[in-house]
Amino acid sequence: MATATVRDLISAAQTTEEEFLRHIFVRDQMHEWSKDPFIMAKADGVIYWDVSGKRYLDALSGIYVVSVGHNNRRVIEAIRKQLDTLHFSPPMHGTNPVAVQLANLIAEVAPGDLSAVKFQCGGSEVTEAAIKLARQYHKLTGNPGKYKVISRYQSWHGSTMGSLSASGLKSRKTVNEPLAPGFVHVFPPTCYRCPFGKTYSECAITCATLVGDVIEMEDAATVAAVMVEPIGHTGGIIDPPEEYLPILRELCDRHDVLLIFDEIITGIGRTGQMFAAETFGVTPDVICTGKGMSGGFVPLSAMICRESIADTFWGPISENPGFVEGHTFEGNPISCAAGIAVLHEILERDLCANARAQGARLRSGFERLAKKYGVIGDIRGKGLFLGMEFVKNLKTKERFPAEVSFGIQVGKRALANGLLCRFDPHWLAFGPALIVTAEQIDEMVAVLDRSIGEVMERIR
Ligand SMILES: Cc1ncc(COP(=O)(O)O)c(C=O)c1O
């Protein structure tokens with residue numbers, strides 16, 4: 001386009017006009033979204049302001065990303081300093097000092113002997129990398145037939161073809177089918193609505209033990225990895241019973257299958273420990289993390305694997321080609337400088353402890369609302385990753401009909417009342433920044449209270 005006609009003076013307010021919105025795809029359905037476009041202009045701490053100046057409490061950290069708060073000066077200063085030093089290093093030839101420093105810092109804070117890191121920009125890239133790592137690892141260790149990945153229905157591991165194939169979310173998959181072969185799905189540990197019609201704890205944790213049967217039915221000699229989110233997000237904050245992940249660990253050990261935790265959301269302090277692996281006391285072979293890792297200032301994600309797995313990639317060049325996986329922006333110095341600053345912020349301010357304390361406060365706020373309204377059937381999650389499931393009938397667990405979509409109505413009222421949270425027809429979730437204060441939690445719960453009350457009035 002000729003420079004004379006470039007519209008580089010479009011004001012923030014003008015960016016809400018359809019003429020301008022026609023030039024961008026967003027994640028939402030365009031036609032619906034453009035009727036009342038949600039466009040953020042500014043943020044500080046746990047507050048957003050949109051282009052009209054309206055204030056929103058950010059109970060979602062954007063989307064579980066803004067871990068140390070908006071406008072965090074420590075991270076901004078670290079980025080500024082790095083910009084003046086080195087903003088890009090040649091990824092085909094090596095790396096840079098900040099990437100090595102961040103990898104070492106992660107090795108310190110990761111559970112067990114997880115200590116080798118592959119950096120990328122987003123969650124999908126590292127879940128994809130974990131799948132490739134598992135396949136290549138088995139090739140290098142004499143089991144070239146192991147390639148299948150077992151993951152769960154209702155899960156979300158990303159939108160690239162491999163990570164999407166591992167995902168189990170019908171609404172995002174069907175439109176892109178056919179997907180990649182080699183992915184097998186099992187039912188998730190949705191205790192509140194057990195897929196096997198059983199009740200905890202008489203169920204003998206069938207959702208976990210069946211994974212062993214699936215490995216055997218598929219032929220263990222063909223299975224490379226089991227990949228799960230320790231707490232599933234997209235199915236409505238699927239928080240497994242305590243036995244679930246230890247059983248998966250044992251089954252994976254028994255069948256020489258790598259256990260991959262997708263901690264894109266649950267990593268970096270969100271569940272009250274640096275990783276949910278610690279919250280559940282289970283060390284996987286690989287952790288994928290992203291989102292909160294850079295606080296959202298720059299794209300950053302990481303795949304972290306056990307030392308013994310990394311060691312197989314250190315053999316002589318005649319025996320292996322190294323880890324055949326990479327992207328242009330991996331280990332970018334700006335991203336890694338932000339990642340170091342975020343980790344320092346979390347460690348020095350003990351934000352994991354704050355996530356536990358404020359998470360407990362948030363949970364009791366949700367419990368108060370459950371008693372008050374009688375439409376919250378279940379409260380699930382850990383630390384500052386908490387959700388609730390809405391039901392029409394507490395005893396029968398009957399859901400509100402599709403035309404009511406209670407959760408969506410509440411989420412939309414919350415937005416109108418100045419609160420950002422994650423919502424779905426039947427559930428709603430909060431994931432505020434790890435720096436959130438007790439007063440801010442109380443304010444978030446108060447706005448949610450008002451929003452649920454308004455919807456109850458409307459449907460009465
Ligand atoms: C659990 C989980 N895994 C993977 C991803 C994919 O991450 P990204 O959108 O950064 O590619 C997401 C994104 O929401 C996620 O929640």
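Starting from 1, each residue takes its place in the sequence as its number. Note: hydrogens, waters and symmetry copies are ignored here, and every other heavy atom, side chains too, is used. Read the numbers this way: they start at 1 and go in the same order the structure lists the ligands and their atoms.
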Next item on the list: Assess the side chains of Ser61 and Arg270: does a donor N or O sit below 3.5 Å from an acceptor N or O?
Entry: yes

Item checked: Distance-only side-chain donor-acceptor flag, Tyr147 / His138, under 3.5 Å -> no

Next item on the list: Kindly state each residue pair satisfying salt bridge (Lys or Arg N to Asp or Glu O under 4.0 Å) with at least one member in residues 66-80, sequence neighbours excluded.
Entry: Arg74-Glu345, Arg74-Glu348, Glu77-Arg80

Checklist line | Summary of salt bridge (Lys or Arg N to Asp or Glu O under 4.0 Å) pairs that have at least one residue in residues 271-281, sequence neighbours excluded | finding: none

For ligand 1, run through the N/O pairs with the protein that fall under 3.5 Å and put one pair on each line.
from: ligand 1; atom 1: 3 (N); to: Trp156; atom 2: O; distance (Å): 3.1
from: ligand 1; atom 1: 3 (N); to: Asp262; atom 2: OD1; distance (Å): 3.2
from: ligand 1; atom 1: 3 (N); to: Asp262; atom 2: OD2; distance (Å): 2.7
from: ligand 1; atom 1: 7 (O); to: Gly123; atom 2: N; distance (Å): 3.4
from: ligand 1; atom 1: 7 (O); to: Ser124; atom 2: N; distance (Å): 3.4
from: ligand 1; atom 1: 10 (O); to: Gly123; atom 2: N; distance (Å): 2.8
from: ligand 1; atom 1: 11 (O); to: Gly123; atom 2: N; distance (Å): 3.3
from: ligand 1; atom 1: 11 (O); to: Ser124; atom 2: N; distance (Å): 2.8
from: ligand 1; atom 1: 11 (O); to: Ser124; atom 2: OG; distance (Å): 2.5
from: ligand 1; atom 1: 14 (O); to: Lys291; atom 2: NZ; distance (Å): 2.9

Next item on the list: Could you pull out all residues at least two apart from Asp256 that satisfy side-chain hydrogen bond (donor to acceptor under 3.5 Å, both in side chains)?
Entry: Asn143

Next item on the list: Kindly confirm or rule out a cation-pi arrangement of Lys132 over Phe323, judged by NZ or CZ under 6.0 Å from the six-membered ring centre and within 45° of its axis?
Entry: no

